[in-house]
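In what follows, a structure is listed as structure tokens, so that the remarks can point back to it.
For this chain, numbers begin at 1 and follow the sequence in order.
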Amino acid sequence: MPELPEVETIKNGLSILKGQSITKLNILNTHCLRPNHNRFHSLRGQVVTNISRRGKLLIIHLSSGNFLIFHLKMTGKLILADFQNTLDKHTHLEFFFKSNRLLFKDVRKFGFVCLFSKKELLEWNFWRTLGPEPFKISSLDFAQQISKSKANIKSLLLNQKIIAGIGNIYADESLFISQIHPLSKTNKIPFNILQNLHKNLIFVLEKAISLGGSSFKDYVNSLGKRGNFQDHFLVYSRAGKPCYKCKNTLKKIKVAGRTTIVCLKCQKKYE
């Protein structure tokens with residue numbers, strides 16, 4: 001699933017659409033449209049005033065005051081295309097602009113697109129319960145927010161109500177750099193180490209964004225190109241390989257139902 005760095009990369013790539021109007025919308029599959037497909041016909045003539053991100057959501061701001069919101073889920077893609085590209089069976093939406101098109105594709109069909117007014121957006125439970133952005137919370141506030149929790153630390157990082165935008169890749173990478181075992185009880189981790197975890201999380205996210213995100217499986221940016229952060233993974237997807245730091249074999253475990261890679265020597269388990 002595209003995480004914060006991937007959605008941020010797509011957002012930056014779509015900045016070319018700011019100030020452009022939607023001249024036509026071709027709905028090829030209605031299953032992904034919320035709350036219903038009929039209101040999407042009102043998009044014609046709307047001008048893109050801004051493009052932003054919240055957690056793993058990409059938001060296109062419209063001149064009507066409404067918001068077009070994409071959640072890419074497992075395999076969703078937003079691709080800028082010229083008028084020569086043909087559509088494939090996985091293309092569900094085709095937005096026409098003056099000089100290009102924006103295609104929403106999704107092989108597994110888990111992704112969805114919402115068209116909300118500001119009132120509807122603010123009342124949307126998913127939106128209302130999103131935790132703070134990693135970049136907009138201090139290390140001190142981050143540590144204070146989670147320090148009394150008895151949950152394991154990786155489960156907290158994956159919980160979008162605690163902190164928005166973090167998924168499996170960046171949880172594993174930041175926990176390894178912080179030398180914290182993913183199954184550590186959060187309330188047993190020293191406060192200064194929780195603060196350091198937040199700093200390392202920011203470091204990992206910024207590096208991933210600078211490298212265009214991680215193309216481990218399906219992800220590509222708005223131009224259909226792969227990211228490069230996967231070439232810098234320290235633990236993610238490296239089960240059975242030697243730890244770059246201590247050379248011990250990295251182990252695969254399950255945390256919150258997710259495959260998790262850990263170095264049992266470098267990452268201390270607080271319990």
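Each ring pair (Phe, Tyr, Trp, His ring centres under 6.0 Å) pair with one or both residues in residues 126-166, not counting sequence neighbours, appears once here: His71-Phe126, Trp124-Phe126, Phe142-His198. The stretch residues 182-193 participates, sequence neighbours left out, in no side chain to side chain donor-acceptor pair (under 3.5 Å) pair at all. Sorted by first and then second residue, the pairs that involve residues 168-178 and meet side chain to side chain donor-acceptor pair (under 3.5 Å), not counting sequence neighbours, are Glu6-Tyr170, Lys154-Asn168, Lys154-Asp172, Tyr170-Ser214, Ser178-Asn200.
The side chain to side chain contact (heavy atoms under 4.5 Å, CB included) search around Ser138 returns Leu140, Asp141, not counting sequence neighbours. Residues that satisfy the side chain to side chain contact (heavy atoms under 4.5 Å, CB included) test with Asn38, not counting sequence neighbours, are Asn36. In terms of the side-chain hydrogen bond (donor to acceptor under 3.5 Å, both in side chains) criterion, Lys98 has no residue partners (sequence neighbours excluded). For the side-chain hydrogen bond (donor to acceptor under 3.5 Å, both in side chains) test, no residue two or more places apart in sequence or in another chain qualifies with Ser147. Scanning for side-chain hydrogen bond (donor to acceptor under 3.5 Å, both in side chains) contacts around Arg34 gives an empty result, with sequence neighbours left out. In this view, Lys11 and Glu8 satisfy the salt bridge (charged side-chain N to carboxylate O under 4.0 Å, His left out) rule, not counting sequence neighbours.
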Atom pairs and distances, side-chain donor-acceptor, residues 228-242, under 3.5 Å, sequence neighbours left out:
residue: Gln230; atom: OE1; partner: Ser215; partner atom: N; Å: 2.8
residue: Gln230; atom: NE2; partner: Gly227; partner atom: O; Å: 2.7
residue: Arg238; atom: NE; partner: Tyr244; partner atom: OH; Å: 3.4
residue: Arg238; atom: NH1; partner: Leu234; partner atom: O; Å: 3.0
residue: Arg238; atom: NH1; partner: Pro242; partner atom: O; Å: 3.2
residue: Arg238; atom: NH2; partner: Pro242; partner atom: O; Å: 3.0

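Between the side chains of Ser155 and Asn152, at least one donor N or O sits under 3.5 Å from an acceptor N or O. Donor-acceptor pairing under 3.5 Å is recorded for the side chains of Asn29 and His31.
Nearest heavy-atom pair, Leu28 versus Thr91, reported as atom, atom and distance to 0.1 Å: CD1-O, 3.4 Å. When all heavy atoms are compared, the tightest approach of Pro182 to Gln267 is CD-NE2, 3.9 Å.
Salt bridge annotation for Lys105-Glu94: absent, with no cationic side-chain nitrogen under 4.0 angstrom from a carboxylate oxygen.
With hydrogens and angles disregarded, no donor-acceptor distance shorter than 3.5 Å links the side chain of Glu133 to the backbone of Arg54.
The other members of the hydrophobic cluster of Leu183, by chain and number, are Ile253, Val255, Val262, Leu264 (side-chain heavy atoms under 4.5 Å, ILVMFWY only). The hydrophobic cluster of Val47 has no other members, since no ILVMFWY side-chain heavy atom comes under 4.5 Å of it.
Separation of the Tyr270 and His181 ring centroids does not fall under the 6.0 Å cut-off.
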